[in-house]
Amino acid sequence: RVTNAFISLSNASIVDIVGNAARATTNTSSAIQASAVIPDGTAPRLVASALDMNVGTLYLTFSETVNAATLDALQVTIQSQAVRTLGMPTYTLTGGQMSITNSTVVYIRLTLNNTNALEQISGLATSDASTFIVITNLTIQDMSGNSNA
């Protein structure tokens, strides 16, 4: 049984077909308890990324709000092509300063070691065409605790 989900309404929240407004619930004691709640079971997906080498920041955009406190830079790899092949330039981050705000967009400020390493690897992270982000399923969680897909 659900015991922690309630709904309350203002006069303007719902109007019936003839224009009658819903009766407002004036305080939490008159809120209506939900009879069922389906919890979030959808994993956040990485949908876009941007790497700014001028300021050493990697931006990750997800399909839903993610919990910034769970972001793990060690689970992020930058590679030069969409599909990994033997001998292809790649680099897995070794740390960084993470976002602190829960959002659909989070960032990793790269360490100086990360930035220097990326600049030294020929053919990697020199343009959009040579920058592909790969994350493991341990990179981040959404606000319900679902790990990224």
Side-chain angles (χ1 to χ4, degrees), residues 1-16 21-22 24-25 28 31-149:
R1 174 150 167 83
V2 178
T3 59
N4 64 352
F6 297 85
I7 187 168
S8 61
L9 306 170
S10 69
N11 283 333
S13 60
I14 300 174
V15 178
D16 71 12
T25 51
T28 56
I32 300 166
Q33 186 171 9
S35 59
V37 174
I38 299 171
D40 175 15
T42 303
R45 290 177 298 103
L46 181 64
V47 295
S49 63
L51 176 61
D52 185 338
M53 289 297 289
N54 290 315
V55 295
T57 303
L58 175 63
Y59 300 91
L60 303 172
T61 303
F62 290 89
S63 58
E64 63 178 292
T65 300
V66 290
N67 183 343
T70 66
L71 180 57
D72 183 355
L74 304 178
Q75 305 301 316
V76 178
T77 298
I78 301 169
Q79 60 189 44
S80 63
Q81 299 172 16
V83 178
R84 192 171 190 163
T85 59
L86 188 62
M88 176 180 78
T90 65
Y91 182 77
T92 299
L93 299 182
T94 59
Q97 179 185 357
M98 313 308 158
S99 294
I100 58 170
T101 303
N102 301 330
S103 177
T104 56
V105 179
V106 292
Y107 65 81
I108 302 169
R109 288 209 170 89
L110 306 179
T111 65
L112 183 58
N113 288 343
N114 285 330
T115 303
N116 288 339
L118 285 168
E119 290 174 348
Q120 292 174 11
I121 300 172
S122 179
L124 181 61
T126 58
S127 70
D128 292 351
S130 66
T131 307
F132 294 84
I133 307 303
V134 178
I135 60 175
T136 74
N137 64 343
L138 302 174
T139 304
I140 201 160
Q141 296 176 354
D142 67 13
M143 301 308 295
S144 296
N146 298 307
S147 294
N148 61 279

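In this structure, Thr115 contributes its side chain and Gly56 its backbone to no donor-acceptor pair below 3.5 Å. Side-chain atoms of Asp40 never come within 3.5 Å of backbone atoms of Ser144 as a donor-acceptor pair (strictly under, hydrogens ignored). Under the 3.5 Å distance criterion, the side-chain polar atoms of Thr61 are left unmatched by any main-chain donor or acceptor of Val105. Of the possible polar contacts, one joining the Asn114 side chain to the Thr94 backbone as a donor-acceptor pair under 3.5 Å is found. Under the 3.5 Å distance criterion, the side-chain polar atoms of Ser63 are matched with a main-chain donor or acceptor of Arg45.
For CG of Asp16, the number of neighbouring non-hydrogen atoms (other residues, nucleotides, ligands) closer than 6.0 Å is greater than 12.
Atoms CG and OG1, from Leu74 and Thr92 in turn, are 9.0 Å apart once rounded to the nearest 0.5 Å. Atoms OH and CG, from Tyr107 and Leu51 in turn, are 15.5 Å apart once rounded to the nearest 0.5 Å. Residue Gln97 holds its CD atom at 11.5 Å from OG1 of Thr111, rounded to the nearest 0.5 Å. Taking CG of Leu60 as the reference point, atom CD1 of Ile135 lies at 7.0 Å (rounded to 0.5 Å). Here the OG1 atom belonging to Thr126 is positioned 11.5 Å from the CD atom belonging to Glu119, to the nearest 0.5 angstrom. Separation of atoms OG (Ser80) and CZ (Phe132) is listed at 8.0 Å; rounding is to 0.5 Å.
Residues Ile108 and Leu71 are in side-chain contact: their nearest non-hydrogen atoms beyond the backbone lie under 4.5 Å apart. Within the 4.5 Å cutoff, the side chain of Leu93 has heavy atoms near those of the Leu58 side chain. Contact of the Thr77 side chain with the Tyr91 side chain is not registered, since no non-hydrogen atoms from C-beta on lie closer than 4.5 Å. Within the 4.5 Å cutoff, no side-chain heavy atoms of Asp72 are placed close to those of Thr136. Side-chain contact between Leu124 and Ser130 is absent, with no heavy-atom pair separated by less than 4.5 Å. By the 4.5 Å heavy-atom criterion applied to side chains, Asn146 and Glu64 are not counted as neighbours. Looking only at side-chain heavy atoms (C-beta outward), Val134 and Arg84 stay at 4.5 Å or farther from each other.
Residues Ala125 and Ile78 share a closest heavy-atom pair of CB-CG2, 4.5 Å. The shortest non-hydrogen separation linking Thr70 to Gln141 is OG1-N, 2.9 Å. The minimum heavy-atom distance linking Ser147 with Ala43 is given by the pair O-CB, 3.1 Å. Val106 and Thr101 make their closest contact through CG1-O, 4.2 Å (heavy atoms, listed as atom of the first residue, atom of the second, distance).
Asp52 and Thr57 share no donor-acceptor pair across their side chains, judged by distance under 3.5 Å alone.
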